[in-house]
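The residues of the chain are indexed from 1 along the displayed sequence.
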Amino acid sequence: MSENTTKTHPVDEVLPLSRLAALGLQHVLVMYAGAIAVPLIVGRALKLPPEDVAFLISADLFACGIVTLIQSFGLTQWFGIRLPVMMGVTFASVGPMVSMANVNGGPDGARLIFGSIIGAGLVGILIAPLVSRLLRFFPPVVTGTIILVIGVSLMRIGISWIFGNPVGPTAPSILDPTHAKWLEDVKALAATGAGGIPEIPTKLALAPSVPNAAYAPLSGIAVSAIVLVSILLIARFAKGFVANISVLLGIVIGGIVAAAAGMMHFEKVASAAWFAPIMPFHFGVPIFDPVLIVTMTIVMVVVMIESTGMFLALGDMTGKTVTRPMLAAGLRTDGLGTLIGGIFNTFPYTSFSQNVGLVGVTGVRSRFVCVVGGVILVVLGLLPKMAALVESLPTVVLGGAGLVMFGMVAATGIRILSAVDFKSTRNNLFIVAVSIGFGMIPLVAPNFKQWMPHAIHPLIDSGILLASIAAVLLNIFFNGASKTSDAEVREAALAADGGH
């Protein structure tokens, strides 16, 4: 590091290119597993073909890089906090997007999702200066509860990666072929008007009753277990940089095992181009649905509150005071990044907390490390072969990593809640208990909304949003909207290291 720190703050220091490249790559590797998880989840929920899922991964890496460059390097006085920040897709948006995908699949579902993201991004840019005033509604008892519910909600996805989805080709049971043939024969007889056979009821269907060989095969469980054990061993015995990328190394090990076992196929990788630009509106003109835009806007508000804590924590770690204009510029970039995400066929963006933690671990404060990291992400996004390779990974490989990634999110929420005063303020127990209960409703009783207006289904289908609304309202009811200090927000953000 340069000795001339009296003129140049460490945050603004330009390190030698070789160090910038190595440190920038480290930031990319730390966030890579989390960055590729969301396009895989949403692409498969939309039931898109493999080449489109691979495209989503490329688009996501490309947009990650663009938004990281804006946030860390800056774009006019209005955008970019100019701190060492890596931007990535927020897991808080996964629940609502999967709900939208389950209702509307394919390219039309993608257009609905991207329309809601573009709308939320525009709203985010406008409300960014006001969000810091909402901090008093998000004390640690609220943010900890929300992050805990995010982790538990996402755990369902990680478990489905291991065993298979409860519906579709990997459902636990399938139709007995002999039963299906019998029903077809009866239908054929009924159609001829044969005597004694009543008319077949409309939409009559048989119940699946035969175990499905594609659900929870022991070979897939073994691969997931190898990934999980690899991650735990690396985290336990490795040091420094290698320990920081334990999840990524676990996925690589799992991919090698899956390929050796013949579970991974590379035809799509071979046919993918070496280079391809990311074109806006790949799936067509976005569809703007007001209810879905409101849903994603609520996610944006939660994300911006979280980002505020991250920025204040990062200011402490780097020794650079975060002023209100800086904070507004950083939050405005969350909105701009989400707008860019919707245009380039990807998702809402926020600062990745594991990278904030990496700044503290390495002690390297230069924002130009993250600028180089942004450039690396843009280049990766323009290489379709890389995305095709990631897409070809069997879901069982990601399952072992998903348990760790999503479990860490839940554990982060518990860590924040551990600092909450439950002894002298017993009402905090009610806030956590009832909010978690609301968050579990869509997981335990997914059909609870069947008699409610269809228009609000996407809004109430996310346990994360139900828990967020419940926690905020209950906190106001029991504790009032007391002023949350910057110090408390910093403390909660530092406790949330690894929360994305």
Student: Could you tell me which residues satisfy ring-ring contact (aromatic ring centres under 6.0 Å, His included) with F62, sequence neighbours excluded, listed by chain and number?
Tutor: F344
Student: Can you name the residues that form a side-chain contact (heavy atoms from CB on, under 4.5 Å) with P290, not counting sequence neighbours?
Tutor: none
Student: I'd like to know whether M97 forms a side-chain contact (heavy atoms from CB on, under 4.5 Å) with V38, so could you lay out the CA-CA distance, the side-chain angles of the two residues, the decisive distance to 0.1 Å, and finally the verdict.
Tutor: CA-CA 10 Å; M97 289 193 296; V38 175; 4.0 Å; yes
Student: Under the criterion side-chain contact (heavy atoms from CB on, under 4.5 Å), I'd like the reasoning laid out for R82 against V11: C-alpha separation, chi angles, the key distance, then a yes or no.
Tutor: CA-CA 8 Å; R82 292 174 170 84; V11 165; 5.9 Å; no
Student: Could you walk me through whether V152 and M440 satisfy the side-chain contact (heavy atoms from CB on, under 4.5 Å) test, starting with their C-alpha distance in whole Å, then the side-chain angles of each, then the deciding distance to 0.1 Å, before giving a yes or no?
Tutor: CA-CA 9 Å; V152 173; M440 293 302 98; 3.6 Å; yes
Student: Is it the case that more than 12 heavy atoms not belonging to F73 sit under 6.0 Å from its CZ atom?
Tutor: no
Student: With the side chain counted from C-beta on, respond yes when I436 and L148 share a heavy-atom pair under 4.5 Å apart, and no when they do not.
Tutor: yes
Student: Test of understanding: with side-chain hydrogen bond (donor to acceptor under 3.5 Å, both in side chains), list the residues that count as partners of T338, not counting sequence neighbours.
Tutor: none
Student: What do the steps show when you test I113 against L46 for side-chain contact (heavy atoms from CB on, under 4.5 Å), and what is the final call?
Tutor: CA-CA 10 Å; I113 289 174; L46 285 166; 4.0 Å; yes
Student: Looking at every non-hydrogen atom in both residues, tell me the closest pair between L382 and P277 and how far apart they are.
Tutor: CD2-CA, 4.0 Å
Student: Check whether K47 reaches the backbone of R44 with its side chain - one donor and one acceptor, N or O, closer than 3.5 Å.
Tutor: no
Student: Tell me if a side-chain donor or acceptor on T295 pairs with a main-chain N or O of V291 at a distance below 3.5 Å.
Tutor: yes
Student: If I take atom CG from residue L122 and atom OG1 from residue T297, how far apart are they, to the nearest 0.5 angstrom?
Tutor: 9.5 Å
Student: Identify, with sequence neighbours excluded, every residue that meets salt bridge (Lys or Arg N to Asp or Glu O under 4.0 Å) alongside R332.
Tutor: none
Student: Could you tell me which residues satisfy ring-ring contact (aromatic ring centres under 6.0 Å, His included) with H282, sequence neighbours excluded, listed by chain and number?
Tutor: F55
Student: Using the test side-chain contact (heavy atoms from CB on, under 4.5 Å), find all partners of V372 that sit at least two apart in sequence or belong to another chain.
Tutor: L20, I376
Student: With S307, which residues qualify under side-chain hydrogen bond (donor to acceptor under 3.5 Å, both in side chains), at least two apart?
Tutor: D334, T350
Student: CD1/I343 to CZ/F114 distance, rounded to the nearest 0.5 angstrom?
Tutor: 12.0 Å
Student: Output the distance between atom CD1 (I117) and atom OG1 (T346), rounded to the nearest 0.5 Å.
Tutor: 7.0 Å
Student: Do P39 and D60 have side chains that approach each other closer than 4.5 Å (heavy atoms only, starting at C-beta)?
Tutor: yes
Student: Measure across L40 and V53 and return the closest heavy-atom pair with its distance rounded to 0.1 Å.
Tutor: CD2-CG1, 4.0 Å
Student: Which atom names give the shortest non-hydrogen contact between G463 and P442, and what distance separates them?
Tutor: N-CG, 3.6 Å
Student: Quick one, M296 and P96 - any side-chain contact, counting heavy atoms below 4.5 Å?
Tutor: yes
Student: Considering only heavy atoms from C-beta outward, does the side chain of V67 approach that of L336 to under 4.5 Å?
Tutor: no
Student: Do I41 and W161 have side chains that get closer than 4.5 Å, going by heavy atoms?
Tutor: yes
Student: If you count every heavy atom of other residues, nucleotides or ligands that lies below 6.0 Å from F283 atom CZ, does the total exceed 12?
Tutor: yes
Student: On a heavy-atom basis, which atom in M304 and which in G335 lie closest, and how many Å separate them?
Tutor: CE-N, 4.1 Å
Student: Can you tell me if Q71 uses its side chain to pair, donor with acceptor, with the backbone of I81 under 3.5 Å?
Tutor: yes
Student: Side chain of N447, backbone of Q450: donor and acceptor closer than 3.5 Å?
Tutor: no
Student: Mind listing the closest non-hydrogen atom pair of V28 and G373 along with its distance?
Tutor: CG2-O, 3.4 Å
Student: Let me confirm one number: the OG-CG distance from S58 to L383, rounded to the nearest 0.5 Å.
Tutor: 8.0 Å
Student: With sequence neighbours excluded, tell me which residues meet side-chain contact (heavy atoms from CB on, under 4.5 Å) with F288.
Tutor: I118, P286, I293
Student: Could you pull out all residues at least two apart from S435 that satisfy side-chain contact (heavy atoms from CB on, under 4.5 Å)?
Tutor: T145, I431, A470, A471, L474
Student: For the residue pair V85 and T68, establish whether any side-chain heavy-atom pair is separated by less than 4.5 Å.
Tutor: no
Student: What heavy-atom pair brings A258 and V397 nearest, and what distance separates the two atoms?
Tutor: CB-CG2, 4.0 Å
Student: Within the structure provided, determine whether P84 and V369 are in side-chain contact (heavy-atom separation under 4.5 Å).
Tutor: no
Student: Atom CZ of F347 and atom CD1 of I340: how far apart are they, to the nearest 0.5 Å?
Tutor: 15.5 Å
Student: When you compare the side chain of L417 with that of P140, does any pair of heavy atoms fall below 4.5 Å?
Tutor: no
Student: If we ignore hydrogens and angles and just use 3.5 Å, is the side chain of T333 paired with the main-chain N or O of A329 as donor and acceptor?
Tutor: yes
Student: Could you measure the distance from the CG atom of L403 to the CG atom of L228? Nearest 0.5 Å is fine.
Tutor: 6.0 Å
Student: By the side-chain hydrogen bond (donor to acceptor under 3.5 Å, both in side chains) test, which pairs, at least two apart or in different chains, include something from residues 106-124?
Tutor: D108-R111
